[in-house]
Each structure stands twice: as structure tokens, then as C-alpha cells.
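Heads up: the structure comes next, in C-alpha cells.
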Amino acid sequence: MSLQEDLTTALKAAMKSKDQQALAALRAIKAEILLAQTESGSKEEITEEQEIKILSKLVKQRKDSAAIYTEQNRNDLAEPELAQAEIISQFLPAQLSEAEIEKVVVETIQKTGAEGMKDMGKVMGIVNQQLAGQADGKTISTIVRAKLA
């Protein structure tokens, strides 16, 4: 089933159960997808890769907002953001563990012959492309930095 079909099914279920958090998160996903489709100027469905980028962006936005709210001791605002991030991340592929990410990073460093921080951009580009939607960019960056240092 495609993301849009899954999304429609989840939206209907959230409406029936009157789950406001889920509705807000699902409507955000739907809005971003529609926006991406209209940007390309066609009514064609967007690719799975684009869908993953959109979902990752939405989860990151929610987590960043929650972090800011938490810093300001506004847990009443942080909790809904984290709940929405959790709902959105259900539509993403399963996330890899740090050990699995580290394995891919080490393989990429060996393939490219990267030596030191000057090659970080090259390694990051390849790993990000390989693990799109399966790992957080911040986690990848931390691991690459540690391996190249």
C-alpha cells in the first residue's frame, strides 16, 4: 500500500476515534505531500524517496520544537510535539541502530579511501543517500566525525 493510501486509512481512523494529536500530525503529512506535488507542477504521485524526505523533515521539526519547549520548561507544549513526531515516524522505514549505522559508515570510509575530516562531506553524502529515512542525520554525522577523527 502506498503512503497516501496508508495516510487516508489512518486519517479516517483518527477521525473516528477523535484523536486530535493524530489528526494534526496526519494532516501535516498530507499538506506537505500535496505541497510537494503542486511544486512539481503535476498531479502525479511523488516518489518514495521524496515521501521519506518529507516525513523525516516533519519528524525533525517536531523534535526540534519539543527540545526548545523543554529548554523553556514548557512541557505542556513539548509533549504534543513529541506525540506528533511519534505518529509521523510510524510512516517512516524502521530506524537503524547505531551499530548498524557505524557498520555502513566504516564500509563507506573504506570504499572511498577517506582520510580525515577533509573527506567528511564525501562520506556524509554517500551514507545519507544509502540510509535515507533509516537514520537521523545528526547520528550519522556524529559517527562519521568519530571515525574520521
For [X], enumerate each residue passing the salt bridge (Lys or Arg N to Asp or Glu O under 4.0 Å) test, keeping only those at least two apart in sequence or located in another chain.
X      : value
Glu102 : Lys147
Glu32  : Lys57
Lys60  : Asp64

Between [X] and [Y], is there a shared hydrophobic cluster once you connect ILVMFWY residues whose side-chain heavy atoms come closer than 4.5 Å?
X      : Y      : value
Ile88  : Ile68  : no
Ile126 : Ile52  : no
Leu82  : Leu58  : no
Ile33  : Ile87  : yes
Ile143 : Met124 : yes

Approximate separation, where rounding is to 0.5 Å, of [X] [atom1] and [Y] [atom2]:
X      : Y      : atom1 : atom2 : value
Leu26  : Gln84  : CG    : CD    : 9.0 Å
Lys30  : Leu23  : NZ    : CG    : 11.5 Å
Leu7   : Lys12  : CG    : NZ    : 11.0 Å
Arg145 : Ile140 : CZ    : CD1   : 13.0 Å

Is there a side-chain contact between [X] and [Y] (heavy atoms, below 4.5 Å)?
X     : Y     : value
Ile46 : Ile54 : yes
Leu55 : Ile29 : yes
Gln4  : Gln37 : yes

Problem - Heavy-atom neighbours of Gln130 CD exceed 12 at 6.0 Å - result: yes
Practice task
Taking atom types as modelled, find out whether Thr8 and Glu5 have a side-chain donor-acceptor pair closer than 3.5 angstrom.
Solution key: no
Exercise for the section: Would you list the pairs meeting side chain to side chain donor-acceptor pair (under 3.5 Å) in which at least one residue belongs to residues 16-26, sequence neighbours left out? Expected result: none
Fill in the blank from the handout: In short, Ala149 meets Met117 closest at the heavy-atom pair N-SD, 4.4 Å
Exercise for the section: Quick one: closest heavy-atom pair of Ser89 and Val59, and the distance? Expected result: N-CG2, 3.8 Å
Could you tabulate the donor-acceptor pairs under 3.5 Å formed by side-chain atoms of residues 90-101, not counting sequence neighbours?
| residue | atom | partner | partner atom | Å |
| --- | --- | --- | --- | --- |
| Gln95 | NE2 | Pro93 | O | 3.4 |
| Gln95 | NE2 | Gly133 | O | 2.7 |
| Ser97 | OG | Glu100 | N | 3.3 |
| Ser97 | OG | Glu100 | OE1 | 3.3 |
| Glu100 | OE1 | Ser97 | N | 2.8 |

Exercise for the section: For the pair Thr112 (side chain) and Thr108 (backbone), establish whether a donor and an acceptor sit closer than 3.5 Å, ignoring hydrogens and angles. Expected result: yes
Using atom types as modelled, flag every donor-acceptor pair under 3.5 Å from a side chain in residues 71-78 to any protein atom, sequence neighbours excluded.
| residue | atom | partner | partner atom | Å |
| --- | --- | --- | --- | --- |
| Arg74 | NE | Asp76 | OD1 | 3.1 |
| Arg74 | NH2 | Asp76 | OD2 | 2.9 |

Problem - Whichever hydrophobic residues join Leu34 through chains of side-chain contacts under 4.5 Å - result: none
Completion exercise
Quick note, salt bridge (charged side-chain N to carboxylate O under 4.0 Å, His left out) partners involving residues 107-126, not counting sequence neighbours, are none
Practice task
Tell me, please, which residues at least two apart from Glu81 pass side-chain contact (heavy atoms from CB on, under 4.5 Å).
Solution key: Arg62, Ser65, Ala66, Tyr69
